[in-house]
Every structure is written in structure tokens, then in C-alpha cells.
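Every chain is numbered from 1, with letters handed out A, B, ... down the list of sequences.
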Number of protein chains: 2
Amino acid sequence: MVYETKAVVRRRTLRDALIAAAERAIEKEGLRGMKARELAHTVGCAVGAIYNVFTDLDDLIFAVNALTLEQLEKTLTVAGGDTADPHADAIKALVHLGLAYTDYATANTRRWRVLFDHRLPDGKQVPTWYTANLARLFVYIEEPLRKLAPALSPARRALLARSLFSAVHGIVLVGLEEKLQHLPLPVLREQVTVMVEAMAKGLAQDSK
Amino acid sequence: MVYETKAVVRRRTLRDALIAAAERAIEKEGLRGMKARELAHTVGCAVGAIYNVFTDLDDLIFAVNALTLEQLEKTLTVAGGDTADPHADAIKALVHLGLAYTDYATANTRRWRVLFDHRLPDGKQVPTWYTANLARLFVYIEEPLRKLAPALSPARRALLARSLFSAVHGIVLVGLEEKLQHLPLPVLREQVTVMVEAMAKGLAQDSK
DNA sequence: GGAAATTTTGAACGTTGTTCAAGACTATGG
DNA sequence: CCATAGTCTTGAACAACGTTCAAAATTTCC
């Protein structure tokens, strides 16, 4: 049987529709706005049907997060190095990445928040594919970092890439935090630029 | 009437007991573990009694967060500058602050997470006193920062202090994230040290 | 001491996510 | 093309949650 059976098609259609509905719900009201009954209503199925396609709502959230990560990664195109000055190029590339991250988070705050906000009930394990996908965010940083500090061992470079990502993530996170004064986008972008440049220069200085 | 009436005493006693119960619940199972009926049972009151003392569970969470912030601030004692080299002193002080933050977050992960994880339902405002308390975390950084880059205007210094805090916060947050590989404390401390030093050196370099 | 005011109580309400027996549908063999 | 075995879908029902509120208990005040 090469062709898909009706049931399989229906299943995937429902799956996609539910994901789309969840995306819209999250974008409009955040994780709180994603409710089983509401999703079922908007896609026109019974509440129980959700659980034929996803084991959990948590499972559905992970599916949305996977798409969010895809979206996010698409915006993280590395700026081509001019190769005139590899050092300056690397710094430029890092700033570019940081600003792209800032822009995505600002434009898609609720979706982006769910990537990290969502907490599983005690005992439940995060899917390994999700961990791997998230960790891929660090990889984008490794290449410029290699240019910036070539002497670094791969392990240390990976660790530093993670820390660089985390630092920018923190700046954006706190910058967009409602519990504090919301920073206007231009100010936030400037802070990211200044901090990434500082980190890059400081790290390069270290490894000399 | 100088002396407190019985009702007022009871009220405050109940308030404190509920806060204590909430603290224990959060420490054991996070925000999810803090349930109205369970709190009422552990302090020996009716569920409804909670709502005589707090308007919401959110209100109770803010009360716990206030205590958490107090605890946290107590650990952020600034290391005395040796005044031999103000530049090096400033960097040391910043690293010290970062490590203190790291240590508190590691030792009290659940409590600490609630400071930032807790999200209000749409429309509800964060109490201004809470915003002010949180923002006080940035202030600790301003003094070393002044030594590091004296030319900075107060406004820019405040902004940079916020960004420095945010960067460290991000590193710790991602470092302790279950959705990624948990970094062992020594590794995390080292990353914080390296990154704070890099940021400090980079910023100092800029302002020369 | 007794009336008025206040606080405490816990059953009840509205919303959650999730389940599961019953009914509807689909796939397959004759 | 039909009957039947298997599968999927349904939505009422369940448990657990935060929150409310009329009644009961307590405290306050003269």
C-alpha cells in the first residue's frame, strides 16, 4: 500500500490544523490562551480527538515550539564575512546574530517566550529531539567565535557559544520583561550591540 | 487603640503562615505545587480564608517573591575594593556579584525561577513595589561600573548595569535549564567568570 | 452582657486537562 | 458491492484547580 489511507491523511490534516490553531492561540494570548476546548472548536473536532493525535497538550506545545525554532533559525542567516579583517568580521557576525535574535523575539514575543517558559510537570521528560533543536541555536555562534579566538578548543568554544547565546537571550528576556520597564526596541538593539561587542572584544583580548 | 486587635494579629499570623507554606510548596515542587487547598490544609485554615488575606494566589506569589528578593540581596554583598587598582577592583567586584547570583540561583533554583517565570493573567498589572524591588538588582552593579567606566552618563550606566545583570541572568538561566544539558555548578561558575570578565574588559576598552 | 460588625467556613461554581464507552466510520475479503 | 472486523471519533463525565459567598462563628464595642 503505497498511497496513504484516508485515516492517515485525516490524522495529519487534524494534526496540522491543531498546530495552526495552537499557534494562533499562543500568538494572541500566550500559553494561557491555548485551551483544549477552544482548539477543538476552532478546528471543528471533538475535544477527545486532540488526544488521538497528541498525547498531551504539552506534546502539542512542543510541536509549536519546533515550528517556532524553524522560523527563528531562518532569520539567523550569518552575515557574509568581508575577509578583510577576520577579527572585525567575526564581531560583526556576532552582532548581526544577536540583533536578528532580538528582532525575532521582539516581533514574536509570545511564541518566542513559549520556547523557554513552558515547563513540564514533574517527572515528565523533555523529548531529546527538542533538546537537540534548542541546542542548535548555539551552533550558529561557533563559526564567528572560531574566527575570533582560533586557539580555543572545540569544547571550550562550544561552551562559550552557549554562554554568548545565553547572555544575549538574557538581555532580550529582561529587556522585554513586563515585570520591569519595557525597553523600546531601538534601545534594546543598541544594548545588544554594545554588549556583544564588549563580550567579543573581551574574549578576543583574553585569548591573545 | 495602640495595641493590635485580635483580628489583626490573627490576620498577620495567617498571612505569615500562608507565605511560609507557599515557600515550602514552591521549593518542593515549583509554582505548580502551590495549591490553594493544600496551603489551607498545611496552615490549618479553610480555603476561603486565603482570600481574606490575599486577593489572589498571584498576590501570595508576589509576597513570596518579595522574600526571595530579600534573601537574594543579602547574598549580594559587594566585595570591598582594594583601591590599589580601581580598574581591576571593579572587575573583581562584578565577577563577585555574578558568582553570588549564580550561587543563589543554583541553591534556590525553584524560588529563584518564580521571580521571573510567574506570569500574570492578561490585563492584571504588576504591583509597582515589585517592579521597583526587582529593578534594585541592577543597582548593585552600578557602583563597580562607575569605577570601570567613569565617563559614562548616569543614564547610560543604569542601562549598562541592567544589561550586565541580564547577561549574567541569561547565562545562569540557560545553564540551569532542564530543556538543555544542565551545566555542573563549577562549569557554570567558570562561564560566568569568563563572560563577566570579558564584558567588563570590553566595556572598559570602549570607554577609553 | 448583648448587639453589631467582622471573620471564618466549606460547599458550590466555573474552568481546566484528560478519559473512555458508545457510536460512526473505514478498510478489507468474499 | 456488501458484510464485518477493525479503527477512529465523539462528547458526556471525571478529577483537580482557583475562586466565591451565604451562613455560622467569632470578635469588638458600648
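Here the two rings, on Y101(B) and F165(B), have centers that are under 6.0 Å apart.
Taking atom CD1 of residue I50(A) and atom P of nucleotide dT9(D), one finds them 12 Å apart after rounding to whole Å. Atom NE2 in H41(B) sits about 16 Å away from atom C1' in dA16(D), given to the nearest Å. The CE atom of M34(A) sits 16 Å away from the C1' atom of dT15(C) (whole-angstrom rounding). Here dG18(D) presents its P atom at 15 Å from CG of D59(B), a figure rounded to the nearest Å. The distance between atom CZ of R32(A) and atom C1' of dT15(C), rounded to the nearest whole Å, is 13 Å. Between L60(A) atom CG and dG17(C) atom C1' there is a gap of 13 Å when expressed in whole angstrom units. Spacing between atom CD1 of I61(B) and atom C1' of dC17(D) amounts to 13 Å, rounded to whole angstrom units. The CG atom of L39(A) sits 8 Å away from the P atom of dG17(C) (whole-angstrom rounding).
Using a cutoff of 4.0 Å between basic side-chain nitrogens and carboxylate oxygens, R24(A) and E27(A) are not scored as salt-bridged. For the pair R119(B) and E177(A), the salt-bridge criterion is met [side-chain N within less than 4.0 Å of a carboxylate O]. The residues E190(A) and R156(B) are annotated as salt-bridged, a charged nitrogen and a carboxylate oxygen being separated by less than 4.0 angstrom.
Of the candidates dC17(D), dG17(C), dT19(D), dC17(D) carries the atom nearest the K35(B) side chain, counting heavy atoms from C-beta on. Taking every side-chain heavy atom of A46(B) into account, dT9(C) is the closest of dT9(C), dT19(D), dG11(D). When the nucleotides dT10(D), dT19(C), dT19(D) are ranked by their closest atom to the side chain of Y51(A), dT19(C) comes out on top. Closest to the side chain of A49(A), from the set dG17(C), dG18(D), dT10(D), is dT10(D). Closest to the side chain of V47(B), out of dG17(C), dG18(D), dA11(C), is dA11(C).
For the residue pair R189(A)/T102(A), the side-chain donor-acceptor check at 3.5 Å is not satisfied.
Between N52(A) and dC8(D) there is no side-chain polar atom (N or O) within less than 4.0 angstrom of OP1 or OP2.
Each of E38(A) and G48(A) was matched to the nucleotide of DNA chain C holding its nearest heavy atom; the match closer to the 5' end belongs to E38(A).
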